[in-house]
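Note: hydrogens, waters and symmetry copies are ignored here, and every other heavy atom, side chains too, is used.
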Amino acid sequence: MDNLTHSLTALALSQAGLNRKTRFATLTLIAGANLPDIDLVATFSGGATYLKYHRGITHSILGAAILATALGALVYFLGRKAPPAKKSGPPLDLRWLIGISWIAVASHVLMDFTNSYGIRPFLPFSGRWYAWDIMPIIDILLWALLILGLALPPLFRLISEEVGAAKTKPRGGAIFALCSMLVLWGARDLAHRRVIGFLDSHVYGQENPVKLGAFPSSVNPFSWNGVVETDTAFYLLPASALDSDVDAEHATVLHKPDPSPALAAASKTRTCQIFLDFARFPWPNIDDTDNGFFVSIQDLRFASSSNQRRGFVVEIELDKNLSVLSESFSFLAKSRP
């Protein structure tokens, strides 16, 4: 998930009651909810290196435990040196700080597991990716629910002060926000299962599916992008959980290229090896150029039949002797004419 969602969730956890357990609870929650993304430093070494290390060890069970414990201890150490609070509140508590750190970091890993990018929870022992596939990386509906739950109590408190009524507390709104997130997860999971059932019930080009997936939109929890792989092609098709089926006859068909020396040479590059370890539906495309060959491989999890831009793409340029001229990875690239 995006860092705004992680931060809003941390605020909701704080206002739900954790801010009453120890001093600096809210600070710890927000820091912990974003801490696993410390792997963003890999961006300085290029897109492929970032792809290799992002959602790696810092998003694993072992890494999350180390980060959480270190954060709790650091906040406690620095908190002891901070001046006393001017207002009454909970005292600094090491056990609660470490516990809250674990909750915050675990929330980050769990929320990242819900989307199609996925996580590798068993690093360094296993590099296998796991993903629930029910949430987009940026979910506008989830933003709205979290902001609504966090914003309504202050608004009601302001109104109550003006009319002289009893003040409202933020805890109810925070609990509403967190429960709404769980309900949204449940609704998206049911919709995802329904769409997967639709996709699996068809034959594509007289071939049975060998792999299929359904990936969510950022706005409508019932709208999905279906990807079906057969032995010879990929099929992209929109799907709605509110419909009774999908229109498999009008899917966008992306044929798999035949094995070739150019594709084999491109697949041996470092960038391509990193990408193929990550991609779930890699679709290669090979073009002849004046200098040799241009090979691109796209992960169709992040594609759409109506999208003019390509997401998660490796591009390799080869000369006529199959020597590599350039290699690159992009999270978002324009379609080649």
Side-chain angles (χ1 to χ4, degrees), residues 48 51 116-118 129 131 133 195-217 223-240 243 245-269 271-320 322 324-337:
L51 183 66
S116 303
Y117 196 114
W129 288 89
D133 290 340
V195 170
I196 288 292
F198 292 161
L199 298 173
D200 198 29
S201 65
H202 290 272
V203 173
Y204 300 84
Q206 300 182 343
E207 294 181 312
N208 291 321
V210 296
K211 186 188 297 184
L212 46 84
F215 307 103
S217 70
S223 179
W224 301 76
N225 291 314
V227 181
V228 178
E229 181 180 0
T230 68
D231 289 331
T232 62
F234 293 97
Y235 295 80
L236 306 183
L237 61 164
S240 173
D243 293 338
D245 204 351
V246 294
D247 187 4
E249 297 298 324
H250 294 87
T252 299
V253 184
L254 303 175
H255 294 285
K256 296 179 179 179
D258 293 328
S260 68
L263 181 58
S267 298
K268 294 178 181 178
T269 62
T271 300
C272 198
Q273 288 290 311
I274 293 172
F275 180 76
L276 292 176
D277 180 64
F278 165 79
R280 203 185 310 172
F281 293 95
W283 175 58
N285 190 50
I286 306 168
D287 293 322
D288 293 332
T289 66
D290 293 337
N291 296 324
F293 305 93
F294 181 87
V295 180
S296 65
I297 306 177
Q298 179 182 8
D299 189 347
L300 298 179
R301 275 182 293 177
F302 308 99
S304 171
S305 58
S306 61
N307 194 352
Q308 298 302 312
R309 301 181 73 88
R310 303 180 301 158
F312 290 75
V313 182
V314 161
E315 296 178 336
I316 311 293
E317 289 189 79
L318 305 168
D319 64 19
K320 295 185 182 298
L322 302 181
V324 178
L325 299 176
S326 68
E327 54 183 284
S328 65
F329 166 76
S330 175
F331 288 99
L332 191 64
K334 293 183 178 180
S335 297
R336 287 172 61 86

(message) For H255, is there any backbone N or O sitting under 3.5 Å from a side-chain donor or acceptor partner on W283?
(response)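 Yes: the side chain of W283 pairs with the backbone of H255.
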
(message) Looking at R301 and S116, would you say the former's side chain and the latter's main chain have a donor-acceptor pair under 3.5 Å?
(response) yes

(request) For side chain to side chain contact (heavy atoms under 4.5 Å, CB included), just list the numbers for I196 and L212, CA-CA rounded to whole Å, side-chain angles, deciding distance to a tenth of an Å, and then say yes or no. (result) CA-CA 7 Å; I196 288 292; L212 46 84; 3.7 Å; yes

Straight-line distance of [X] [atom1] to [Y] [atom2], nearest 0.5 Å:
{"X": "D299", "Y": "L276", "atom1": "CG", "atom2": "CG", "value": "9.5 Å"}
{"X": "S260", "Y": "I286", "atom1": "OG", "atom2": "CD1", "value": "3.5 Å"}
{"X": "I316", "Y": "F294", "atom1": "CD1", "atom2": "CZ", "value": "8.5 Å"}
{"X": "L237", "Y": "H250", "atom1": "CG", "atom2": "NE2", "value": "12.0 Å"}
{"X": "D245", "Y": "H202", "atom1": "CG", "atom2": "NE2", "value": "3.5 Å"}
{"X": "L236", "Y": "N225", "atom1": "CG", "atom2": "CG", "value": "8.0 Å"}

(message) Please tell me whether S296 and E315 have a donor and an acceptor in their side chains that are separated by less than 3.5 angstrom.
(response)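 No, no side-chain donor-acceptor contact under 3.5 Å.
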
(request) Give a yes or no on this: more than 12 heavy atoms of other residues, nucleotides or ligands lie within 6.0 Å of atom NZ of K211. (result) yes

(message) For F278 and F312, I'd like to know if the aromatic rings sit close, meaning centre-to-centre distance below 6.0 Å.
(response) yes

What closest approach, in Å, do [X] and [Y] show between heavy atoms, and which atom pair accounts for it?
{"X": "V195", "Y": "A239", "value": "CG1-CB, 3.6 Å"}
{"X": "A266", "Y": "C272", "value": "O-CB, 3.2 Å"}
{"X": "V210", "Y": "D231", "value": "CG1-OD1, 3.5 Å"}
{"X": "V295", "Y": "A262", "value": "CG2-O, 4.1 Å"}
{"X": "F275", "Y": "Q298", "value": "CZ-C, 4.0 Å"}
{"X": "F198", "Y": "D243", "value": "CZ-O, 3.2 Å"}

Would you check if [X] and [Y] make a side-chain contact, meaning some heavy-atom pair closer than 4.5 Å?
{"X": "F215", "Y": "D133", "value": "yes"}
{"X": "P284", "Y": "P257", "value": "yes"}
{"X": "V203", "Y": "N208", "value": "yes"}
{"X": "F281", "Y": "F302", "value": "no"}
{"X": "N285", "Y": "D287", "value": "yes"}
{"X": "Y235", "Y": "T252", "value": "no"}
{"X": "T271", "Y": "S328", "value": "no"}
{"X": "Y204", "Y": "P209", "value": "yes"}

(request) Output, in order, the C-alpha distance, side-chain angles, deciding distance and verdict of side chain to side chain contact (heavy atoms under 4.5 Å, CB included) for V313 and I297. (result) CA-CA 6 Å; V313 182; I297 306 177; over 6 Å; no

(message) Which residue in the set P259, P261, S267 passes side chain to side chain contact (heavy atoms under 4.5 Å, CB included) when paired with L263?
(response) S267

(request) Give the C-alpha distance, both sets of side-chain angles, the deciding distance and a yes or no for side chain to side chain contact (heavy atoms under 4.5 Å, CB included) between D319 and N291. (result) CA-CA 5 Å; D319 64 19; N291 296 324; 5.6 Å; no

(message) Exactly one of K256, E207, Q206 should register a side chain to side chain donor-acceptor pair (under 3.5 Å) with T232. Which one does?
(response) E207

(request) Dump the intermediate steps for side chain to side chain contact (heavy atoms under 4.5 Å, CB included) on D277 and W129, then the final yes or no. (result) CA-CA 9 Å; D277 180 64; W129 288 89; 4.0 Å; yes

